[in-house]
Q: 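Starting off with a structure, shown below.
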Amino acid sequence: MEISEKTINKFNNYVVQSYGRYPLAMKSGKGRQCVDENDREYIDFGSGIGCNCLGFCDEQWADAVCAQVRTLQHNSNYYYTEIQAKFAEKLCKFTGYEGVFFGNSGAEANECAIKAARKYSFDKYGRGRHNIITLVNSFHGRTMATLSATGQDVFHNYFFPFLEGFINAEANNIADLEAKLDDTVCAVMLEYVQGEGGVNALSQEFTDAVFRMCAERDILVIADEVQTGVGRTGKLLAGEWYGKKADITTLAKGIAGGIPMGACLFNEKTKGVLTAGTHGSTFGGNPIACAGGIAVLDRVMSEGFLSEVNDKASYIRSALEACGAVESTSGLGLMIGITLADGSKNASDAAKKAFDKGLLVLTAKDKIRLLPPLNITYDEIDEGIKILKDILEE
Ligand SMILES: *Cc1c(COP(=O)(O)O)cnc(C)c1O
């Protein structure tokens, strides 16, 4: 019996089986490469769904996190810590926001945004203006509110009743959205590039219309940048590509380099909405997560880092587009969707084949999805792309 089988069996005996897992028991990782319990190596083009944005166990990041573990690992939010203040200041200064609430995940960041949007409207207009418009094919998380917000019917099973107050509009359909923006609506929530929904970027025209129509009606725009944020698309926030700054922006996934953290950023208009006692999270803004977050942000904002992300993104995209088996690529920066030319080939089969050859990739709907570490090197890209091309051209 292979060593990893023992782990896999024990795992399946005791951990709830709510995921379809690959038969890989990860032991350790360095850079973009991880090793399983049988000492087989894998190149990771998924970076733990974008969380390990500096790859596995980056030295500077690990030093910062370990130092914090030995200094102060946690305190309740009834007290102050310098490290949370420092991370909040950096995050606000770099993103141009005025204030932040810290949680521990993307769903939690979005819950915070949803509550804040409803309270903003309640404070100003009273009851009845509570609806939030989300887009078809969106993904906002797995908690009850964020599932209710998610605009994909496949998620709306079993857990009835879902939370009221979410209305879906079609992405890139201005007329549909406009028809739904009535006086019951307090916010529109969007992903600039839908991640789980298939790596689809919103059009500039639609995004312009959303922001214009919302501004005219004092409806808030919430940008869910849980997947697109923190340099993933080649800008710190994907909204920068569109020339847009939402009233509320949420971050998670890569924000602390692989430590659980979510952040909800507020502009001048929304910063004061959540007052003492209206929201909280025991672990939110945890010092260890903040140390990881500072290490990530310092790196991502260092001279030349984001322009390299963009160069690498173009490099990967041209390599893929030159491959006959690829019809097209989608997304922005290092958030890459791949549509296969041969309609009979499916993305999840391709992901399984890549796995057998030592390459980890993700899927999103009918596309292969790549979210490689932001600091991946050209040699590592070449190695991964070669495996991918080989299996796609088979
Ligand atoms: C992953 C994701 C979420 C949910 O984040 P969790 O940390 O799993 O709660 C929400 N929104 C988007 C856009 C995501 O990609």
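Not measured: the values here are computed from a predicted model. Note that ligands are numbered from 1 as they come in the structure, with each ligand's atoms numbered from 1 the same way.
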Q: Which of the atoms of ligand 1 are close to Q227, meaning less than 4.0 Å from one of its heavy atoms?
A: 15 (O)
Q: How about F160 and Y158: are their ring centroids closer than 6.0 Å?
A: no
Q: Measure the shortest side-chain to side-chain distance between L359 and I391 over non-hydrogen atoms and say whether it is less than 4.5 angstrom.
A: no
Q: Give the atom numbers and elements of ligand 1 that come within less than 4.0 Å of a heavy atom of H140.
A: 10 (C), 11 (N)
Q: Let's go through F122 and H130 carefully: what are the C-alpha distance in whole Å and the side-chain angles of both, what is the deciding distance for ring pair (Phe, Tyr, Trp, His ring centres under 6.0 Å) to 0.1 Å, and is it a yes or a no?
A: CA-CA 8 Å; F122 178 86; H130 54 254; over 10 Å; no
Q: Do any nitrogen or oxygen atoms of A252 come within less than 3.5 Å of a nitrogen or oxygen of ligand 1?
A: no
Q: Between F101 and F266, is the gap from one ring center to the other below 6.0 Å?
A: no
Q: Could you list which atoms of ligand 1 come closer than 4.0 Å to a heavy atom of S105?
A: 7 (O), 9 (O)
Q: Tell me whether the rings of F102 and F87 are parallel (<30°), tilted (30 to 60°) or perpendicular (>60°).
A: parallel
Q: Thinking salt bridges, do K353 and E394 make one under a 4.0 Å N-O criterion?
A: yes
Q: Between E191 and ligand 1, which part of the residue brings a heavy atom under 4.0 Å of the ligand: side chain, backbone, both or neither?
A: side chain
Q: Under a 3.5 Å threshold, yes or no: a donor from one side chain and an acceptor from the other, between S318 and E321?
A: no
Q: Just to be sure I read this right, does ligand 1 sit under 4.0 Å from the backbone of K253, its side chain, both, or neither, counting only heavy atoms?
A: side chain
Q: Give the residue, atom name and distance (to 0.1 Å) of the protein heavy atom nearest atom 5 (O) of ligand 1.
A: G106 CA, 3.3 Å
Q: Which bit of N110 gets closer than 4.0 Å to ligand 1, counting heavy atoms only: side chain, backbone, both or neither?
A: side chain
Q: Tell me, which protein residue and heavy-atom name are nearest atom 11 (N) of ligand 1, and how many Å apart are they?
A: D224 OD2, 2.7 Å
Q: Would you check the N or O atoms of A107, main chain and side chain alike, for any that come under 3.5 Å of an N or O of ligand 1?
A: yes
Q: In terms of relative ring orientation, are Y315 and Y378 parallel, tilted or perpendicular, with 30° and 60° separating the classes?
A: perpendicular
Q: May I ask you to check whether E108 has an N/O atom sitting below 3.5 Å from an N/O atom of ligand 1?
A: no
